There are 2 protein chains.
Amino acid sequence: MFGEERKSMISKYIIEHGRGSVLELSTTFKVSESTIRRDLKELEDEKLIKRTHGGAIPFESVNFEPTFGEKEIRYQSEKERIALYSGGFIQEGDIILIDSGTTTLHLAPILKAFSNLTVVTNSMTLMEQLKNESNIDIVMLGGSLRQETQAIVGPITDQILQTLHVDTAFIATNGISLSAGLTTPNLIEANTKRYMMKCAKRTILLADHSKAEKISFSQFGTVADIDMWITDDHLPKEIYQKFSEAGTEIHVANSHHTIPTVS
Amino acid sequence: MFGEERKSMISKYIIEHGRGSVLELSTTFKVSESTIRRDLKELEDEKLIKRTHGGAIPFESVNFEPTFGEKEIRYQSEKERIALYSGGFIQEGDIILIDSGTTTLHLAPILKAFSNLTVVTNSMTLMEQLKNESNIDIVMLGGSLRQETQAIVGPITDQILQTLHVDTAFIATNGISLSAGLTTPNLIEANTKRYMMKCAKRTILLADHSKAEKISFSQFGTVADIDMWITDDHLPKEIYQKFSEAGTEIHVANSHHTIPTVS
DNA sequence: ATGTTTATGATTACTTTTGATTATAGACGG
DNA sequence: CCGTCTATAATCAAAAGTAATCATAAACAT
């Protein structure tokens, strides 16, 4: 086998398996670890993979993220904490629905840790991150691609949602308010969210503190429609109390918090 | 044999076998290794092959992004020509359906040239390539992700297809035969292809010559179900005649052919 | 026919690839 | 924070492959 052939097979191997250790590749391709390391270095230069200690992972997971028109890069760590906390409400074997959005996207690495999961989503970006996870059954919701958010929305999506039933839906929003409920800028996207909530036994809203008391254009539900709201510890105390008194179950994912042990 | 003849045979050999070592080529063509190396150098200058230590591999396999679980990387240039030719059957404003597959994937760069198109597809890979094209309305077919081929298939996909109607469907196949019809290895994928053909006013099959007279596991249609078969100029003459006599409209996309000027 | 150009094969010097070895750097647990 | 362990980079020698050179033979032009 030529070096170039081996390199292309290594790249393929890593992309398909999602990873590849130096030792593993060395025995698979019957060359020394030195050679594997040299190959990995070159493949990394070509931006095909990303090296790690002990091996390499596909580049795409690093590559993909931006291209988001609605690229809210603020409150990154808050969103991560919210996603981590949310993971505690997922059990092996669950069928879960994940809405598109920057917060929900952080669920991807958490989902990968499960060994048996069915994930339904309308997020192209999430799909991208999970597409090579062999332990996850992925169901893509069909419909029209909204390029600004890389979300699949519209009547086709709504139609499919009417025929599906999931355990838990993780929904994102642009605004949550007691008076105006849950709101988002796009009418069609709002409608799709409405159907998402309808087909789930339980709805969990993921929204960092910046969304609190914000009102966007189109309403897709009220606070009474959600079973739980997971947010971060920068949420002002008085807002927490106001929503609590109104009957909303708020979970605060703070930095030192451990993951809840399943609902 | 003239040097040029030998060179073109070497190039063909490498492309069809996917590789060729200097020693192997030297014994096959009964010339010294020096001569083979000289030939390979010239072929590389012409961008027909890529040299490696010990031999050479096809140029396309280097060029093509290997992020595909799908293996078939052979006959790249044939597939490109088929896709280019197929582009001639697309008009501005059309609503077209594109099946997943390595041949159909080559349609992506051609579609980008249009300024008003609606593309319906079940191919994750195609979707990825088009997702930021603002002049294309993209409709993703929903359903389960089949990881081996990165195609969306299954009952949900079929259900959506029953509610859609498109101008032209571009379908890929693993085998086309007069007796066994159109066949593919996966049962569920076959069913989805069947629905695809059903919802299109016109069905165009894209299949390079290597698919001719091949029979795979599951049949999704007969040659009578397609309106046109676009293939490459390596299709043996007798196969062309056999299919033509049986009433199949075959278009051969050869290297010197200009693009047809819309159906 | 004769000199010139071109293609080819053989020979030799050089380059690349590879695996082994050793020194350095990074990760991990206490 | 530290020592220990493992992974990596750097180095080197052997093997494999290649480029450069030259001589011969064939094709070509005058």
Side-chain angles (χ1 to χ4, degrees), chain A residues 1-59 61-63 77 80 84 87 109-110 112-113 255-259, chain B residues 1-63 66 73:
Chain A
M1 187 193 316
F2 304 137
E4 286 295 326
E5 290 181 297
R6 188 187 54 242
K7 268 169 58 185
S8 110
M9 285 171 79
I10 288 172
S11 145
K12 192 178 149 191
Y13 180 100
I14 289 170
I15 287 161
E16 281 183 8
H17 290 74
R19 64 186 305 282
S21 77
V22 172
L23 193 71
E24 179 186 341
L25 293 166
S26 162
T27 56
T28 304
F29 295 101
K30 310 217 190 314
V31 289
S32 71
E33 298 187 18
S34 297
T35 304
I36 293 294
R37 288 201 184 90
R38 271 186 283 249
D39 286 345
L40 292 181
K41 195 193 292 175
E42 288 171 31
L43 287 169
E44 184 171 43
D45 288 343
E46 295 169 31
K47 309 267 181 262
L48 289 168
I49 60 162
K50 167 113 183 92
R51 287 192 73 184
T52 61
H53 269 250
I57 54 167
F59 181 75
S61 49
V62 189
N63 188 19
S77 60
E80 261 169 42
L84 186 64
I110 291 147
K112 287 182 185 178
S255 37
H256 311 295
H257 219 288
T258 49
I259 307 170
Chain B
M1 184 194 318
F2 303 130
E4 286 299 322
E5 287 181 292
R6 188 186 54 242
K7 267 170 60 184
S8 107
M9 285 173 78
I10 288 173
S11 148
K12 193 179 154 196
Y13 180 100
I14 289 170
I15 288 163
E16 287 188 0
H17 289 74
R19 72 193 305 280
S21 77
V22 171
L23 192 72
E24 178 187 341
L25 293 166
S26 162
T27 55
T28 304
F29 295 101
K30 310 223 189 312
V31 288
S32 70
E33 298 188 16
S34 296
T35 304
I36 293 295
R37 289 202 183 90
R38 272 186 281 252
D39 287 345
L40 292 181
K41 196 193 292 176
E42 289 169 32
L43 286 169
E44 183 172 44
D45 289 342
E46 295 169 32
K47 307 267 182 265
L48 289 168
I49 60 164
K50 162 112 180 102
R51 287 192 73 184
T52 63
H53 269 248
I57 54 175
F59 178 76
E60 288 84 359
S61 64
V62 186
N63 199 20
I73 49 167

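Since the model is a prediction, treat every value here as computed from it, not as a measurement. Note: hydrogens, waters and symmetry copies are ignored here, and every other heavy atom, side chains too, is used. In what follows, chains are A, B, ... by sequence order, proteins preceding strands, each numbered from 1.
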In whole angstrom, what separates E33(B)'s CD from dG17(D)'s P? 8 Å
Which heavy atom in E24(A) sits nearest to a heavy atom in R19(A), and how many Å separate them? OE1-NH1, 3.8 Å
Between C1' on dT18(D) and CG on L40(B), what's the gap in Å once rounded to a whole number? 11 Å
Spell out yes or no: do the side chain of R38(B) and the base of dG9(C) have one donor N/O and one acceptor N/O closer than 3.5 Å? yes
Below 4.0 Å: OP1/OP2 of dA7(D) and any side-chain N or O of R51(A): no
Touch class at under 4.0 angstrom, heavy-atom based, for S26(A) against every strand present: nothing
When you match F2(A) and H53(A) each to their closest nucleotide on DNA chain C, which lands nearer the 5' end? F2(A)
Starting at CD of E24(A) and ending at P of dA7(D), how long is that distance when rounded to a whole Å? 13 Å
Between R51(B) and E44(B), the two heavy atoms sitting closest are N-OE2, 3.2 Å
Taking for each residue the nucleotide of DNA chain C with the nearest heavy atom, is it R6(A) or R6(B) whose nucleotide lies nearer the 5' end? R6(B)
For S21(A), report the nucleic acid contact type (base, sugar-phosphate, nothing); a contact means any heavy atom under 4.0 Å. nothing
Could you check if a side-chain atom of R6(A) sits within less than 4.5 angstrom of a side-chain atom of T35(A), using non-hydrogen atoms only? yes
Where is the tightest heavy-atom contact between V31(A) and S26(A), given as atom of each residue plus distance? O-OG, 2.8 Å
Can you tell me how far C1' of dA7(C) sits from NZ of K41(B), to the nearest Å? 14 Å
Hey, does the side chain of T35(A) come within less than 4.0 Å of dT18(C)'s phosphate (OP1/OP2), counting only N and O? no
N/O donor-acceptor pair, side chain R37(A) with base dG19(C), under 3.5 angstrom: no
